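Below is one structure; the comments refer to it alone.
All ligand and atom numbering here is 1-based and tracks the order in the structure. Values below: every heavy atom of this structure, side chains too, minus hydrogens, waters and symmetry copies. Everything numeric here is computed off the predicted structure, so don't read it as measured data.
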Amino acid sequence: MTETVSVDLPGRAYDVVIGQGLLSQAGTRIAPLLRRPRVAIISDETVAALHLDALQAGLNASGITSECLTLAPGEGTKNWQALQTCVEWLLDQRVERGDIVIALGGGVIGDLVGFAAAVLRRGVRFVQIPTSLLAQVDSSVGGKTGINTRHGKNLVGAFHQPSLVLADIDVLATLTPRDFLAGYGEVVKYGLLGDAAFFDWLEQNGPALAAGDAQARVAAVRRSVEMKAEIVVRDETEQGDRALLNLGHTFCHAFEAATGYSDRLLHGEGVAIGCALAFDLSARLGLCAQEDPSRVRAHLRAMGMKTDPTDIDGDLPDAEALLDLMGQDKKVVEGQLRFILARGIGDAFVTADVPRETVLDVLRDALA
Ligand code: GLY
């Protein structure tokens, strides 16, 4: 079963293909984009060891030759130095304006390679082949690319849309359960922000999906990508609605900063906790039913996920310090924190109108 979602940006429309066996079909799917039968691939050592041979065989089957640069895995690679390594290597490979660069990996590789493609020769096309669930449902779609600097995460980058995304569901089999569930945090986010029926479906099908049911995985990735595509087409550069995709992220960023972006807390785990707290905040402000936060937590718990800051190993700063960390988030506008709140499951909205004391109360209760 293969599904295709179109991201209908005028003049830069592209497909996100979701299904099984896509690495072996990479040649036939990428060939129509090529002006000459060669591509440059950038990956990381972990992903390349697992999936590079299959990708190169899939390309070879269509007569496409490829060279690959492999980088060290992990968030530490999303930096200036790795950007330079990528760009210089792509130039060494004589990648031209009309060529295609392939990003094979999770969110780090997708963001870094997308940014390298954006600046190389003032922009070459690239194909995302996301290998984590998080990258398949979020970071590979929508054209946000970039690197981290000493000032913070993703502060340098560009909007550069891919020309094609191949989300091969089979590669998710190599993820650890923890990484898979972290990606699932972003899947749940879509139901919570804009599709109550999808959240109902996840309550029913989440366990099968986590256990490896390929049809359920394709369906969940497809619906997530469809929702992201709709939002990105409405608001590519995040002037308004795209911020809905940050449900749970304001809280998440504070916990990620407090845990030093270490593996004490994976990004998707922080998003899941952040979503639960965003519903706590919404309920406390009388915006959604008092039962909604419990329902969100019940599903996350049923999936074996973290739901509260107390689930994070080790000490955390107090509520005031966490609120300060939220204030350092790059999504702060004119000094005002923006929150994504909800009138109910599937009905989120963006606001800066949240009393500081109420946020502190939510954090204090969550830390208790
Ligand atoms: N990950 C949020 C966005 O793409 O806007």
Side-chain angles (χ1 to χ4, degrees), residues 5-9 12 14 16 18 75 78 103 105-115 117-118 126 128 130-148 152-162 165 167 179 182-195 220-257 261 265-275 278 326 329-333 337-342 348-350:
V5 178
S6 296
V7 183
D8 288 323
L9 285 163
R12 285 158 304 134
Y14 58 94
V16 182
I18 302 143
E75 190 73 32
K78 222 173 104 173
V108 167
I109 287 294
D111 285 6
L112 171 71
V113 177
F115 189 36
F126 79 115
Q128 290 268 23
T131 56
S132 67
L133 180 58
L134 189 136
Q136 293 193 351
V137 298
D138 184 27
S139 56
S140 68
V141 179
K144 279 189 182 175
T145 71
I147 55 170
N148 307 326
K153 282 183 71 171
N154 299 322
L155 290 177
V156 173
F159 286 99
H160 185 52
Q161 299 292 338
V165 181
D179 280 328
Y184 186 77
E186 296 276 3
V187 175
V188 172
K189 177 195 80 178
Y190 288 105
L192 295 176
L193 76 87
D195 187 349
V221 175
R222 180 192 58 73
R223 183 62 192 133
S224 302
V225 169
E226 213 169 56
M227 291 186 68
K228 178 147 190 186
E230 279 167 18
I231 291 172
V232 166
V233 168
R234 281 208 303 273
D235 177 24
E236 182 183 9
T237 56
E238 201 167 312
Q239 307 303 310
D241 272 8
R242 187 164 180 163
L244 290 171
L245 297 171
N246 299 325
L247 176 63
H249 285 61
T250 309
F251 287 106
C252 169
H253 287 307
F255 296 123
E256 281 185 302
Y261 299 94
L265 184 71
L266 303 181
H267 176 70
E269 293 173 333
V271 170
I273 295 172
C275 284
M326 285 184 188
D329 184 11
K330 70 178 178 306
K331 294 185 177 73
V332 170
V333 179
L337 267 177
R338 280 187 307 168
F339 282 91
I340 318 304
L341 299 180
F349 64 100
V350 186

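Looking at Val350, Leu192, Val188 one by one, the single match for side chain to side chain contact (heavy atoms under 4.5 Å, CB included) with Leu247 turns out to be Leu192.
Taking the six-membered ring where the residue is Trp, His253 and His267 present tilted rings, their angle falling between 30° and 60°.
Legend: residues meeting salt bridge (Lys or Arg N to Asp or Glu O under 4.0 Å) with Asp241, ordered by chain and number and at least two apart, are Arg234.
The protein residues lying under 4.0 angstrom from ligand 1, judged by non-hydrogen atoms, are Asp138, Lys144, Lys228, Glu238, Arg242, Leu245.
Contact check for Lys228 versus Arg242: side-chain heavy atoms found under the 4.5 Å cut-off.
Using a 4.0 Å cut-off between charged nitrogen and carboxylate oxygen, Arg12 and Glu236 count as a salt-bridge pair.
Judged purely by distance below 3.5 Å, without hydrogens or angles, the side chains of Glu75 and Tyr261 never pair a donor atom with an acceptor atom.
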